Amino acid sequence: MTLSLGERFKPDFPMLQQLVHGKPYTYLDTAATAQKPQLVIDRMERFYATEYATVRRGVYAPCQTATQMYEAARERCRAFVNGSSVTEVIFVRGSTEGLNLIASSLGRLALKPGDEVVVTEMEHHANIVPWHMVCELTGATLKAIPITDDGELQLEALATVITDRTRIVSLTHVSNVLGTHNPIELVAKRAREVGAYVVVDGAQSSPHVDIDVQALDCDFFVCSSHKLYGPSGAGFVWGREEILRQMPPYQGGGEMIDHVSFDRVTYDEPPYRFEAGTPPIAPVIGMHAAIDYIDAIGKPAIAAWEDHLLRLATAELEQIPGLRIFGNAAHKSAVIAFVMDGVASMDIGMVLDREGIAVRVGQHCAQPLLRRLGVHATARASFGLYNTEEDVARFVEAVREAKELLA
Ligand code: PLP
């Protein structure tokens, strides 16, 4: 018997061997954070137990070795997104920090009163709030590209929303609520016409889509290790070198400087200019192992399997009267946000939890999007490479049970 992709790889994940409320743990919250394969856990443990040292700050052998590993991870991240040079990869704690770094630094470089920053109606707060903050500081204005009822960008609005006042366009590659894949190339083309920078939030795309920043024609791309089956506390920003060179530092501190005195300070070159303080050393090493893990399986195979689960679950859920799914994009990731008539999303989450099933409930850090959808909260199931058809069956059964109990 041939095993499905989910059945083959689920045994790699110790957390998924656990029982929750005495039931097999059915983890459907991978869009929030992915579980970790044993190989990544082992890599981190080996690093802490036998290889641990600081990086870029010592001549002793373990420090030199740790620095080599750290820089090897940088090269791995460059290759992961097809950047041109390792100097374009900045380690951060995750997508949120990456977007804050870009908004703060690029915003100070590029924005002045009257300028505009364009996001979309489907952004995570991590790609809204940092732009608000820098707009307040610089006198620029924040605008959003509207979406259709199916949850896709209104492409006909690009020409009117992105204007010659637009300096920065920042958008998500894949929506964490709707699953929509956005046509970055098309948006970038319009941004190029007006000379705007293009920033891509890759938190949700990087686990499923082969990323090529050259083909996307963006200037910045961010992702989070913990969504890539790696440890939390790491991620990276890829940015075009010629732009990074012009950008002011984000944070000040150790190792990002060239010269410091009480009269003046000069800064190191990118990427180190943007890496103040002791970096997340072990998480970066773990992220390297996680990227190797998913690339060995192959993102096209992962995406195809998740898409199969998405279609299966969607078809089943659509049979349930009173259940409404948000997001019906032609190209959609394995995320299903839904509500049920007369049932609070929180209650759905609690009934599912009793069955050992983990879904997210609430606003998914996307209040403007939920307002656009006309709901206060939804439940959200999201699938990862380790999910199986059995997980889908248990989930659908539990949703039916929740409806009977609560509606
Ligand atoms: N952007 C999107 C689309 C996300 O889904 C998330 C997390 O859910 C983030 C940004 C923030 O990522 P992190 O919490 O890893 O910083």
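Indexing begins at 1, ligand by ligand and atom by atom, following the structure's order. Just so you know, these numbers come straight off a predicted model, no measurement behind them.
- Residue-ligand proximity: Thr172 is placed with a non-hydrogen atom under 4.0 Å from ligand 1.
- Of all atoms in ligand 1, numbered sequentially from 1 with element shown, those under 4.0 Å from a heavy atom of Gln204 are 3 (C), 4 (C), 5 (O), 8 (O).
- Side-chain atoms of His308 and Glu389 include a donor-acceptor pair closer than 3.5 Å.
- Each of the following atoms of ligand 1 lies closer than 4.0 Å to a heavy atom of Asn176: 5 (O).
- For the side-chain contact (heavy atoms from CB on, under 4.5 Å) with Ile348, the qualifying choice from Leu405, Val343, Asp353 is Val343, the only one to do so.
- Both the backbone and the side chain of Thr96 come within 4.0 Å of ligand 1, judged by heavy-atom distances.
- There is a side-chain donor-acceptor pair under 3.5 Å between Asp12 and Tyr293.
- Side chain to side chain, Ser85 and Glu88 fail the donor-acceptor criterion of an N or O pair below 3.5 Å.
- Near His124, the atoms of ligand 1 lying under 4.0 angstrom from a non-hydrogen atom of the residue are 1 (N), 2 (C), 3 (C), 4 (C), 5 (O), 6 (C), 7 (C), 8 (O), 9 (C), 10 (C), 11 (C).
- Within the 4.0 Å heavy-atom criterion, both parts of Ser95, backbone and side chain, lie near ligand 1.
- Considering backbone and side-chain atoms together, Lys227 places an N or O closer than 3.5 Å to an N or O of ligand 1.
- A side-chain donor-acceptor contact under 3.5 Å links Thr378 and His364.
- Against a heavy-atom cut-off of under 4.0 Å, Ala203 is close to the following atoms of ligand 1: 1 (N), 2 (C), 4 (C), 6 (C), 9 (C), 10 (C).
- Both cation-pi conditions hold for Arg56 and Tyr272: the charged atom is under 6.0 angstrom from the six-membered ring centre and inside a 45 degree cone around its axis.
- With a 4.0 Å cut-off on non-hydrogen atoms, His226 touches ligand 1 through its side chain and not its backbone.
- When Val177, Val92, Asp201 are checked for heavy-atom proximity to atom 3 (C) of ligand 1, Asp201 turns out nearest.
- Centroid-to-centroid, the aromatic rings of Phe13 and Tyr27 stay 6.0 Å apart or farther.
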